[in-house]
Protein chains: 2
Amino acid sequence: MKFSDLFREHGTVEHYTKGQHIFKQGDKNENLYFIQSGFLKAYYLSSEGKEQVKSFISPNSVMASLLSCYANGVCSFSLASLEPATVIKLPFSYLLQQSQQDLALANQLQNLLLELAMKKEKREYEFLCLPAEQRYLQLQNDTPELFTKATQNDIAHYLGITNVALSRIKKRVNVNNSQL
Amino acid sequence: MKFSDLFREHGTVEHYTKGQHIFKQGDKNENLYFIQSGFLKAYYLSSEGKEQVKSFISPNSVMASLLSCYANGVCSFSLASLEPATVIKLPFSYLLQQSQQDLALANQLQNLLLELAMKKEKREYEFLCLPAEQRYLQLQNDTPELFTKATQNDIAHYLGITNVALSRIKKRVNVNNSQL
DNA sequence: CTCCATCATTAACCTGGGTTAACAAAACAA
DNA sequence: TTGTTTTGTTAACCCAGGTTAATGATGGAG
């Protein structure tokens with residue numbers, strides 16, 4: 001059994017409009033989502049109403065709240081659509097249950113988790129070791145297409161700064177570049 | 001087959017003295033380490049010689065460089081012993097290979113990776129959403145024993161700040177507490 | 001085209017944390 | 001005990017980024 005088969009045979013297709021939520025912080029949502037098309041934003045909302053962006057999600061990747069799926073908690077973040085999106089929903093427990101009987105599936109899930117862990121380690125490294133300006137440059141380098149899809153406000157909050165600070169950084173960077 | 005059996009039957013026991021390195025940034029090291037006793041520090045070293053602490057590792061947990069083990073790269077951080085330590089070393093490839101034939105083992109590895117992913121997500125959240133002072137308070141709350149084992153310098157660099165800043169935070173926190 | 005909303009830029013002011021350096025306090029070895 | 005090294009505190013100064021708010025720019029909706 002393959003991952004994609006599982007989604008095809010046991011998943012539910014869902015459509016979301018721009019701005020619509022797939023789940024919200026505090027919800028119980030135990031599904032894994034495969035993104036077929038669209039562009040999503042996962043974000044935290046503080047009690048003072050400030051938003052910080054956990055990640056952007058592109059087509060052909062999967063997304064879920066591990067806390068809700070696996071650790072018996074509620075979603076610690078919200079997942080919203082930034083453009084019309086089509087996703088396939090699959091109960092995480094069903095995947096886990098199948099992977100306990102299917103070696104190929106278990107190994108595929110393993111790979112997915114290893115990739116996830118490495119991605120998160122990279123982000124940890126960037127927050128720990130790089131100043132905001134370098135995080136910005138690295139993001140430009142790694143995912144330039146992001147800058148055409150997300151607003152500067154969302155990108156700033158992904159970098160852990162405000163839109164005002166990002167505007168300043170862009171200015172600094174441009175001045176330096178034109179001075180070369 | 002269980003995880004612990006694999007380490008017992010196919011692992012190599014190693015002893016490290018205080019200050020000794022298990023591997024260094026830039027090394028190729030494709031092993032998974034199970035910590036039996038001791039206390040380790042994983043850290044990044046910048047080109048200017050500044051250190052940032054990725055994590056502290058306690059007994060009964062496992063540690064590895066995923067980049068080196070799984071992504072065919074070199075270690076992006078160093079792993080050193082903060083006190084005399086005993087670890088069991090196991091080639092990661094051997095674990096992967098075994099897990100491709102052993103469903104129970106694959107599922108155990110899955111759980112380990114899910115726990116890791118959640119831990120990293122928590123740290124991502126803290127860097128993204130909490131100021132240094134709150135990260136400090138949360139750390140005190142989550143792992144108070146850390147403050148008896150690690151120096152303030154290492155703790156500061158784990159929090160992403162300098163020892164000077166941590167000293168100031170401690171002072172602020174104490175003043176506020178005694179004012180209650 | 002005009003109105004309104006969203007998004008980006010800029011300025012003024014403030015604050016937390018970095019840097020450097022001096023000093024104090026432990027920890028340890030000789 | 002005494003000298004040496006490591007660790008923690010404090011002060012002075014600087015700067016990146018936060019906050020607030022005003023101003024521009026862009027972009028549908030009607």
Side-chain angles (χ1 to χ4, degrees), chain A residues 17-20 39 41 43-44 46-53 56 80-84 126-140 146-178, chain B residues 17-20 39 41 43-44 46-53 56 80-84 126-140 146-178:
Chain A
T17 61
K18 177 176 174 174
Q20 203 180 355
F39 191 57
K41 171 176 82 166
Y43 66 98
Y44 298 104
S46 75
S47 48
E48 299 95 43
K50 311 239 165 183
E51 185 179 317
Q52 297 293 345
V53 175
F56 297 104
S81 177
L82 294 182
E83 34 180 87
E126 289 169 348
F127 275 122
L128 194 57
C129 299
L130 304 181
E133 180 170 327
Q134 294 219 33
R135 294 203 298 276
Y136 165 71
L137 291 171
Q138 189 126 346
L139 189 64
Q140 259 195 338
L146 180 63
F147 291 76
T148 66
K149 292 202 207 161
T151 68
Q152 184 169 308
N153 200 34
D154 282 340
I155 292 176
H157 289 142
Y158 175 76
L159 293 170
I161 60 181
T162 62
N163 52 349
V164 180
L166 179 51
S167 190
R168 285 191 284 237
I169 287 176
K170 280 170 67 178
K171 200 178 176 185
R172 280 207 303 267
V173 168
N174 284 333
V175 169
N176 287 338
N177 277 347
S178 61
Chain B
T17 60
K18 178 176 173 171
Q20 204 179 353
F39 192 57
K41 171 176 81 167
Y43 66 99
Y44 298 103
S46 77
S47 47
E48 299 95 43
K50 311 238 165 182
E51 186 179 318
Q52 297 292 345
V53 175
F56 297 104
S81 177
L82 293 181
E83 36 179 84
E126 289 169 349
F127 275 122
L128 194 57
C129 300
L130 304 182
E133 181 171 327
Q134 293 220 33
R135 294 203 297 275
Y136 165 72
L137 292 171
Q138 189 127 346
L139 189 63
Q140 259 194 337
L146 180 63
F147 291 76
T148 65
K149 291 203 209 162
T151 67
Q152 184 170 308
N153 200 34
D154 282 341
I155 292 176
H157 289 142
Y158 176 76
L159 292 171
I161 58 180
T162 61
N163 52 351
V164 180
L166 179 51
S167 192
R168 285 192 283 237
I169 287 176
K170 281 169 68 177
K171 200 178 175 185
R172 279 208 304 268
V173 169
N174 284 333
V175 168
N176 287 339
N177 277 348
S178 60

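By convention in this document, chain letters (A, B, ...) are assigned in the order of the sequence lines, proteins followed by strands, and residues within each chain are numbered from 1.
- Scanning DNA chain C 5' to 3' for nucleotides with an atom closer than 4.0 angstrom to a non-hydrogen atom of chain B gives a first and last hit of C:dG17 to C:dT20.
- A heavy-atom distance below 4.5 Å is not found between the side chains of B:S167 and B:K170.
- Taking every heavy atom of both residues into account, B:A132 and B:I169 meet most closely at CB-CD1, 3.8 Å.
- Between B:R168 and B:K18, the residue whose closest nucleotide on DNA chain C is further toward the 5' end is B:R168.
- Using a 4.0 Å cut-off, no side-chain N or O of B:K171 falls inside it from OP1 or OP2 of D:dG8.
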Which atom pairs link the protein and nucleotides 25-30 of chain D when you take only N or O atoms and keep those under 3.5 Å?
none

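- Axis deviation across the helix from C:dC1-D:dG30 to C:dA22-D:dT9 amounts to 40°, comparing end segments of five pairs, rounded to 10 degrees.
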Mind listing the side-chain donor-acceptor pairs of residues 156-165 of chain A below 3.5 Å, one per line with the distance, residues two or more places apart or on another chain?
{"from": "A:H157", "atom 1": "ND1", "to": "A:N153", "atom 2": "O", "distance (Å)": "3.3"}
{"from": "A:T162", "atom 1": "OG1", "to": "A:A165", "atom 2": "N", "distance (Å)": "3.2"}
{"from": "A:N163", "atom 1": "ND2", "to": "A:N153", "atom 2": "OD1", "distance (Å)": "3.4"}

Pair A:L128-B:Y43, side-chain contact (heavy atoms from CB on, under 4.5 Å): steps then yes or no: CA-CA 10 Å; A:L128 194 57; B:Y43 66 99; over 6 Å; no
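- Less than 4.0 Å separates DNA chain D from at least one heavy atom of each of the following residues of residues 146-163 of chain A: A:G160, A:I161, A:T162.
- To the nearest 0.5 Å, atoms CZ (B:F39) and NZ (B:K149) are separated by 5.0 Å.
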Trace of the side-chain contact (heavy atoms from CB on, under 4.5 Å) decision for A:Y136 with A:L130: CA-CA 10 Å; A:Y136 165 71; A:L130 304 181; over 6 Å; no
side-chain contact (heavy atoms from CB on, under 4.5 Å) between B:E133 and B:V173, worked out: CA-CA 8 Å; B:E133 181 171 327; B:V173 169; 3.9 Å; yes
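- Residues passing the salt bridge (charged side-chain N to carboxylate O under 4.0 Å, His left out) test with B:E51 are B:K41, sequence neighbours excluded.
- We find that CG of B:L82 is positioned 15 Å from P of D:dT6, with the value rounded to whole Å.
- Residue whose closest nucleotide on DNA chain D sits further toward the 5' end, between A:V164 and A:P131: A:P131.
- Here the closest non-hydrogen pair linking A:F56 and A:D154 is CZ-O, 3.8 Å.
- Taken to the nearest 0.5 Å, the CZ atom of B:F147 stands 4.5 Å off from the CD1 atom of B:I155.
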